[in-house]
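To keep things clear, I will list the structure first and then write my remarks on it.
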Amino acid sequence: MSDLHITEYGSEIWETDTKSHFDRAIDQISQMDDIDCIIVTGDLSNDGSQWSYSYIDNAFKSIGIPTICCPGNHDNIVNFKKMNYCSFKQIVHINGWKLLNLDSTIPNMGRGRLNSETLDYIDNELSKDNAPTIIAFHHPSVEPGGWLDRKLLEDRDSFNQYITQKNNVKLVLYGHSHYAISHKIGATIFSSAPSIGFAFNKELPKFQIAKGEEGFNIIEIEGECISIKTIRI
């Protein structure tokens, strides 16, 4: 899931109750079986408040599923890292798969970047073994289309070219665009979850909320076969 945009005390954004949307998502997930982990690709908070991170952390703790998060451009990294249950581990091993969980944010900027240190880290981890790998960060490395093609990942073409040459990278996850879409480049799937807080749609006018399109993705992996299904909340 991505882009929860929880605010202090659950106040509304753009006349939208993002806290209520998050609560519904948590309730739906709590009724599902066989979930190995939850990956949240940034913008957990909208205002960076300590209250919002405490609320989010306690909600995920209540359902007891390991939850891995990376920061988005709206997140306050200091408060983000104070969460106890939700972790920002750079590398996680899940049933024989490797998850590289990265920070693509630039302080005080909407667009993203994977800096040279992060790129070196990716290269080092991919060179260690041939474990099938998932990479997660906040900013899209593939243009979603229409007016959503804004404030994306810098140098994304060179990043995509590099990643698709690595046979062990099977899936790249991101958020930021508030729009569910998946692309396949070579053997690698690039996939964005819809926003939990409020959704957009490239076919609608700029920044018009796509009501009813909020949700999260269920990713099922059998061997190296990946299927992705969007669940609306």
Side-chain angles (χ1 to χ4, degrees), residues 1-4 21-44 56 59-70 72 85-102 104 122 125-126 129-142 144-145 160 163-164 166-197 199 201 210 212-233:
M1 65 171 65
S2 194
D3 296 274
L4 316 182
H21 289 174
F22 177 59
D23 291 342
R24 291 211 303 268
I26 290 293
D27 181 63
Q28 285 179 272
I29 293 169
S30 70
Q31 299 177 52
M32 296 178 177
D33 298 322
D34 301 325
I35 297 179
D36 296 296
C37 76
I38 298 170
I39 303 169
V40 188
T41 54
D43 279 0
L44 284 71
I56 292 164
F60 283 119
K61 183 178 181 180
S62 72
I63 57 176
I65 299 170
T67 302
I68 312 300
C69 303
C70 59
Y85 186 79
C86 301
S87 64
F88 178 43
K89 295 179 180 177
Q90 275 197 304
I91 183 167
V92 180
H93 297 276
I94 310 167
N95 295 340
W97 282 67
K98 182 188 295 185
L99 168 65
L100 302 183
N101 187 47
L102 309 175
S104 64
I122 295 172
E125 286 298 327
L126 294 180
D129 52 48
N130 290 318
T133 301
I134 300 168
I135 299 178
F137 47 83
H138 183 61
H139 293 84
S141 68
V142 178
N160 293 344
I163 288 301
T164 54
K166 300 294 183 178
N167 293 331
N168 47 340
V169 180
K170 307 301 180 183
L171 181 62
V172 177
L173 302 176
Y174 52 89
H176 190 60
S177 62
H178 294 229
Y179 181 65
I181 191 168
S182 293
H183 303 264
K184 194 166 187 180
I185 304 176
T188 305
I189 298 172
F190 294 75
S191 181
S192 173
S195 170
I196 292 291
N201 190 309
E213 295 186 20
E214 301 85 2
F216 56 90
N217 285 345
I218 293 290
I219 301 170
E220 295 186 357
I221 300 176
E222 292 288 343
E224 293 190 2
C225 180
I226 300 170
S227 64
I228 300 173
K229 178 182 180 181
T230 297
I231 306 295
R232 305 297 180 184
I233 55 175

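- In the displayed structure, Asn167 atom CG is contacted under 6.0 Å by at most 12 heavy atoms of other residues, nucleotides or ligands.
- Contact detail for Leu126 and Leu100: the closest heavy-atom pair is CD2-CD1, 4.4 Å.
- The distance from atom CD1 of Ile231 to atom CE of Met1, rounded to the nearest 0.5 Å, is 11.0 Å.
- The backbone N or O of Ile29 lies less than 3.5 Å from no partner atom in the side chain of Gln31, so there is not a single donor-acceptor pair.
- No side-chain donor-acceptor contact under 3.5 Å links Ser2 to the backbone of Ala193.
- When the ring pair (Phe, Tyr, Trp, His ring centres under 6.0 Å) test is applied to Phe88, the partners found at least two apart in sequence or on another chain are Phe80.
- Partners of Tyr179 by ring pair (Phe, Tyr, Trp, His ring centres under 6.0 Å), not counting sequence neighbours: none found.
- Remark: the backbone N or O of Cys225 is not paired with any side-chain donor or acceptor of Ser227 at under 3.5 angstrom.
- Here the straight-line distance linking atom OG of Ser30 with atom CD1 of Ile63 works out to 6.5 Å at 0.5 Å rounding.
- Between Asn160 atom CG and Ile163 atom CD1 the span is 8.0 Å, to the nearest 0.5 Å.
- When each of Pro194, Ser177, Ser192, Ser195 is checked for a side-chain contact (heavy atoms from CB on, under 4.5 Å) with Asp3, only Ser195 meets the rule.
- Residues Gly223 and Trp97 approach most closely at O-CZ2, 3.5 Å, considering heavy atoms.
- Once rounded to the nearest 0.5 Å, the distance linking CG of Asn217 with CD1 of Ile181 reads 11.5 Å.
- The line from CG of Asp36 to CD1 of Ile94 is 7.0 Å long, rounded to the nearest 0.5 Å.
- The closest donor-acceptor contact from the side chain of Tyr174 to the backbone of Ile135 lies at 3.5 Å or more, if one exists at all.
- Val40 places none of its side-chain heavy atoms less than 4.5 Å from the side chain of Cys86.
- The two residues Leu99 and Ala136 come nearest to each other via the heavy atoms CD1-CB, 4.0 Å.
- With hydrogens and angles disregarded, a donor-acceptor distance shorter than 3.5 Å links the side chain of Arg232 to the backbone of Glu213.
- Ring planes of His139 and His176: tilted class, angle from 30 to 60°.
- Here the OG atom belonging to Ser182 is positioned 10.0 Å from the CD1 atom belonging to Ile226, to the nearest 0.5 angstrom.
- The two residues Leu171 and Ser191 come nearest to each other via the heavy atoms CD1-CB, 4.4 Å.
- Judged by distance alone, the side chain of Lys166 and the main-chain N or O of Thr133 form no donor-acceptor pair under 3.5 Å.
- Annotation for Cys70 and His138: closest pair SG-N, 4.2 Å, computed over non-hydrogen atoms.
- For the pair Ile68 and Ser87, the tightest heavy-atom approach, listed with the atom from each and the gap, is CD1-OG, 3.3 Å.
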(request) Please report the C-alpha distance between Ile39 and Ile219 in whole Å, then the side-chain angles of each, then the deciding distance to 0.1 Å, and finally whether the side chain to side chain contact (heavy atoms under 4.5 Å, CB included) criterion is met. (result) CA-CA 10 Å; Ile39 303 169; Ile219 301 170; 5.8 Å; no
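- Side-chain contact between Ile221 and Lys170 is absent, with no heavy atoms from C-beta onward closer than 4.5 Å.
- Among Leu4, Ile26, Ile233, the single residue meeting the side-chain contact (heavy atoms from CB on, under 4.5 Å) criterion with His21 is Ile233.
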(request) Under the ring pair (Phe, Tyr, Trp, His ring centres under 6.0 Å) rule, what do Phe22 and Phe216 come out as? Steps first, then yes or no, please. (result) CA-CA 10 Å; Phe22 177 59; Phe216 56 90; over 10 Å; no
(request) Test side chain to side chain contact (heavy atoms under 4.5 Å, CB included) on Asn101 and Val92 and set out the steps. (result) CA-CA 8 Å; Asn101 187 47; Val92 180; 5.6 Å; no
